[in-house]
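It should be emphasised that the depicted structure is a prediction, and the values quoted were computed from it without experimental measurement. Ligands are counted one by one from 1 in listed order, and the atoms in each one are counted from 1 as well.
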Amino acid sequence: MELRLILGDQLNAGHSWFRNTDPAVCYLLAELRQETDYCRHHRQKVLAFFAAMRAFAAALTKAGHNVCYLTLDESARWPDLPALLEAQIAHHQASSFAWQSPDEWRLANQLAQWAAGLTIPTAEVESEHFLTPRDGWQRYPHSRMEFFYRALRKQYKVLLDQGGQPLGGRWNFDSENRAKLPERQPIPAPLFFANDVQDIDAMLTRHGVKTLGRADAGALPWPLTRRQSRELLDHFLVHCLPHFGRYQDALSEQGWSLFHSRLSFSLNSKMLHPLEVIRAAQSHWQANQTTITLAQVEGFIRQILGWREFVRALYWEKMPEYQSTNFLGADRSLPGFFWNGETKMACVRHAIRQSLEHAYAHHIQRLMVTGNFALLAGIDPDEVDEWYLGIYVDAIEWVELPNTRGMSQFADGGLMGSKPYASSGAYLDRMGHYCKGCHYQVKARSGPQSCPFNSLYWHFLWRHRDKLGANPRLALPYANWDGQPEAQQQAVLATAEQYLIQLEQL
Ligand code: FAD
Ligand code: SF4
């Protein structure tokens with residue numbers, strides 16, 4: 001008997017392991033306390049992972065495979081994964097053990113170290129999910145995501161003409177991805193699945209698993225199977241893709257996912273393959289070119305073929321050092337309102353409340369609202385990471401860490417992005433509708449009612465001039481700062497200092 005481990009984010013039905021059934025192979029899936037506890041997760045996230053694992057195990061059994069599934073009730077006897085595996089090897093009298101490469105450094109390291117001490121033959125195999133190998137950083141141009149992305153467009157022949165050139169004559173339609181959402185723009189209703197996971201919810205309560213956020217366990221909205229994931233993909237193609245690129249950067253209280261796909265959980269749990277999603281988007285666009293422009297589909301494909309593969313390559317190249325980078329030396333505590341949404345800043349309140357409610361925020365909320373605030377306020381990246389790793393249904397370290405430490409907090413000093421994603425309130429006002437109803441005044445740079453993003457933005461640039469002053473992409477804002485009258489500069493800095501003292505009260 002060979003025992004093969006499948007981790008909770010390895011629900012890849014297309015893996016070559018499953019091509020044939022073999023009575024001499026047993027697949028092991030286990031709900032693990034070490035996974036519920038390494039960070040405080042959103043309840044919807046734990047429910048979604050365990051429920052999707054159960055559905056995957058049932059599908060494997062139905063297809064004729066031997067499956068050993070351990071619920072938390074059963075696995076709680078062992079303190080961690082190695083102890084559980086040792087017991088299962090003995091129980092199944094396994095003569096060999098195999099596992100798919102974990103995507104997280106933490107688990108990869110734990111399994112490799114443990115397996116090295118085994119006396120039976122072991123094999124680590126590819127997870128067969130990504131479009132680039134783990135050492136992709138070394139194999140592809142990586143100075144910027146754009147070059148990485150172009151190489152992959154060529155390799156996988158995505159959105160290319162017969163001569164291998166980009167369709168539409170451009171690799172990137174980013175400049176067309178920045179429209180503000182018109183007030184009366186209809187937004188498609190998100191597709192929910194209403195999965196009943198009350199048994200898992202009761203089990204989490206029974207075991208005292210500490211989670212955050214809200215969950216309706218009688219109607220969990222996330223896709224839990226490949227079939228539901230494909231349905232969500234189809235829903236996205238028909239209802240959201242026509243406007244995806246245009247409103248990709250938009251912020252609005254009118255909806256919580258706007259034209260975004262909400263496919264990240266299906267992708268990160270591997271129920272969907274990235275190439276399958278990319279090809280489906282390209283085909284749908286090809287068949288509907290009268291209603292969907294190239295800029296919409298390119299904007300979407302770039303996220304999956306470009307950013308998703310790029311962050312994974314960066315993660316594997318730079319771990320484990322990456323998880324403690326802190327280029328800007330940020331050391332303030334994360335304000336308590338990140339955990340309850342109790343803040344007077346309308347934009348931050350909306351992003352946090354919807355994250356607690358839905359275990360989801362779209363990219364620009366994560367980057368330019370909560371992330372931007374944490375960056376400007378100088379919050380310790382360890383605390384920022386902990387929050388992002390816990391709160392989102394799609395949060396797995398390989399993708400969360402480079403996005404949070406790198407892209408959002410500039411803690412890696414510029415590996416993810418060429419400049420910090422820092423902005424004043426003017427950007428948020430331009431891209432969203434929050435400011436009108438906010439306690440703070442977005443046009444005011446200083447004073448007790450001024451938008452905190454304004455003074456904190458200038459304070460951020462001012463206090464990090466030694467590290468950021470020579471960055472050519474920041475030449476304009478620094479010139480703007482230098483051109484401001486000294487009295488105005490002093491008023492802005494004094495307001496920011498006051499806000500930094502009173503972070504909890506903002
Ligand atoms: P869409 O906007 O519909 O995009 C389609 C897909 O593209 C996503 O499902 C995702 O797989 C991929 N994608 C888009 N942007 C990125 C990106 N920057 N990096 C990697 N993949 C991307 N994404 C996660 O999957 N897990 C995380 O834990 C995570 N943490 C983040 C933390 C911060 C601070 C920031 C700024 C971004 C983070 N992202 C993370 C990236 C991105 O915000 C989410 O992938 C996206 O919001 C998921 O929603 P969606 O499926 O509707 O995405
Ligand atoms: Fe956010 Fe400032 Fe606008 Fe308020 S005024 S919603 S804090 S950007």
With a cut-off of 4.0 Å, which atoms of ligand 1 are near a heavy atom of [X]?
| X | value |
| --- | --- |
| Ser408 | 34 (C) |
| His362 | 47 (O) |
| Tyr388 | 32 (C), 34 (C) |
| Leu263 | 9 (O), 51 (O) |
| Leu367 | 36 (C) |
| Ala361 | 47 (O) |
| Arg262 | 50 (P), 51 (O), 52 (O) |
| Phe300 | 5 (C) |

Specify the protein heavy atom at minimum distance from [atom]: its residue, its atom name, and the distance to 0.1 Å.
| atom | result |
| --- | --- |
| atom 23 (N) of ligand 1 | Val399 CG2, 3.6 Å |
| atom 28 (O) of ligand 1 | Ala395 CA, 3.0 Å |
| atom 27 (C) of ligand 1 | Asp394 OD1, 3.3 Å |
| atom 2 (O) of ligand 1 | His260 ND1, 2.7 Å |
| atom 6 (C) of ligand 1 | Ile304 CG1, 3.6 Å |
| atom 16 (C) of ligand 1 | Trp307 CB, 4.0 Å |
| atom 47 (O) of ligand 1 | His363 N, 3.4 Å |

For this session: Show all protein N/O/S atoms under 2.8 Å from atom 3 (Fe) of ligand 2, or state that there are none.
Result: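 Checking every protein N, O and S atom gives Cys435 SG.
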Problem set entry | For Phe148, the option from Trp137, Trp307, Tyr140 that meets ring-ring contact (aromatic ring centres under 6.0 Å, His included) |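 With Phe148 as partner, Trp137, Trp307, Tyr140 yield a single ring-ring contact (aromatic ring centres under 6.0 Å, His included), made by Tyr140.
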Problem set entry | Single hit among His235, His243, His239 for ring-ring contact (aromatic ring centres under 6.0 Å, His included) with Phe259 |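 Per the ring-ring contact (aromatic ring centres under 6.0 Å, His included) rule, the option paired with Phe259 is His243, out of His235, His243, His239.
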Assess [X] for proximity to ligand 1: is some non-hydrogen atom of it under 4.0 Å away?
| X | result |
| --- | --- |
| Pro274 | no |
| Phe244 | yes |
| Tyr360 | yes |
| Tyr392 | no |
| Phe310 | no |

Out of [options], indicate the one that has the non-hydrogen atom closest to [atom].
| atom | options | result |
| --- | --- | --- |
| atom 39 (N) of ligand 1 | Asn403, Leu232, Val384 | Asn403 |
| atom 12 (C) of ligand 1 | Arg302, Gln303, Met407 | Gln303 |
| atom 40 (C) of ligand 1 | Arg366, Glu400, Arg405 | Arg366 |

Is any NZ, NE, NH1 or NH2 atom of the basic residue among [X] and [Y] found under 4.0 Å from an Asp or Glu carboxylate oxygen of the other?
| X | Y | answer |
| --- | --- | --- |
| Glu35 | Arg106 | yes |
| Glu400 | Arg405 | no |
| Arg262 | Asp394 | no |
| Lys270 | Asp103 | yes |
| Glu253 | Lys436 | no |

Exercise. Where does Leu389 meet ligand 1, judged by heavy-atom distances below 4.0 Å: at the side chain, the backbone, both, or neither?
Worked result: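 Neither; no heavy atom under 4.0 Å.
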Exercise. Between Leu267 and ligand 1, which residue portion shows a heavy-atom distance shorter than 4.0 Å: side chain, backbone, both, or neither?
Worked result: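 Side chain only.
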Quick one: does [X]'s side chain have a donor or acceptor within less than 3.5 Å of a partner on [Y]'s backbone?
| X | Y | result |
| --- | --- | --- |
| Asp135 | Gln138 | no |
| Gln44 | Val393 | no |
| Gln248 | Asn177 | no |
| Glu309 | Thr132 | yes |

Problem set entry | Glu397: which of Tyr388, Tyr315, Trp105 passes side-chain hydrogen bond (donor to acceptor under 3.5 Å, both in side chains) |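 Testing Glu397 for a side-chain hydrogen bond (donor to acceptor under 3.5 Å, both in side chains) against Tyr388, Tyr315, Trp105 leaves exactly one candidate, Tyr315.
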Polar contacts were defined as any N/O atom of the residue lying under 3.5 Å from an N/O atom of the ligand; does this apply to [X] and ligand 1?
| X | result |
| --- | --- |
| Asn268 | yes |
| Ser261 | yes |
| Ser264 | yes |

For this session: State whether Phe327 and Lys467 meet the cation-pi test: NZ (Lys) or CZ (Arg) under 6.0 Å from the six-membered ring centroid, and within 45° of the perpendicular axis.
Result: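 Yes, a cation-pi geometry.
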Tell me whether the count of non-hydrogen atoms from other residues, nucleotides or ligands lying under 6.0 Å of [atom1] in [X] goes above 12.
| X | atom1 | value |
| --- | --- | --- |
| Glu386 | CD | no |
| Lys344 | NZ | yes |
| Arg227 | CZ | no |
| Ile501 | CD1 | yes |

For this session: Applying side-chain contact (heavy atoms from CB on, under 4.5 Å) between Phe310 and each of Arg144, Met145, Glu146, report the one that passes.
Result: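 Checked Arg144, Met145, Glu146 against Phe310; only one passes side-chain contact (heavy atoms from CB on, under 4.5 Å): Met145.
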For this session: Would you please classify the geometry between the His362 ring and the His260 ring as parallel, tilted or perpendicular, with 30° and 60° separating the classes?
Result: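 Aromatic pair His260/His362 classed parallel.
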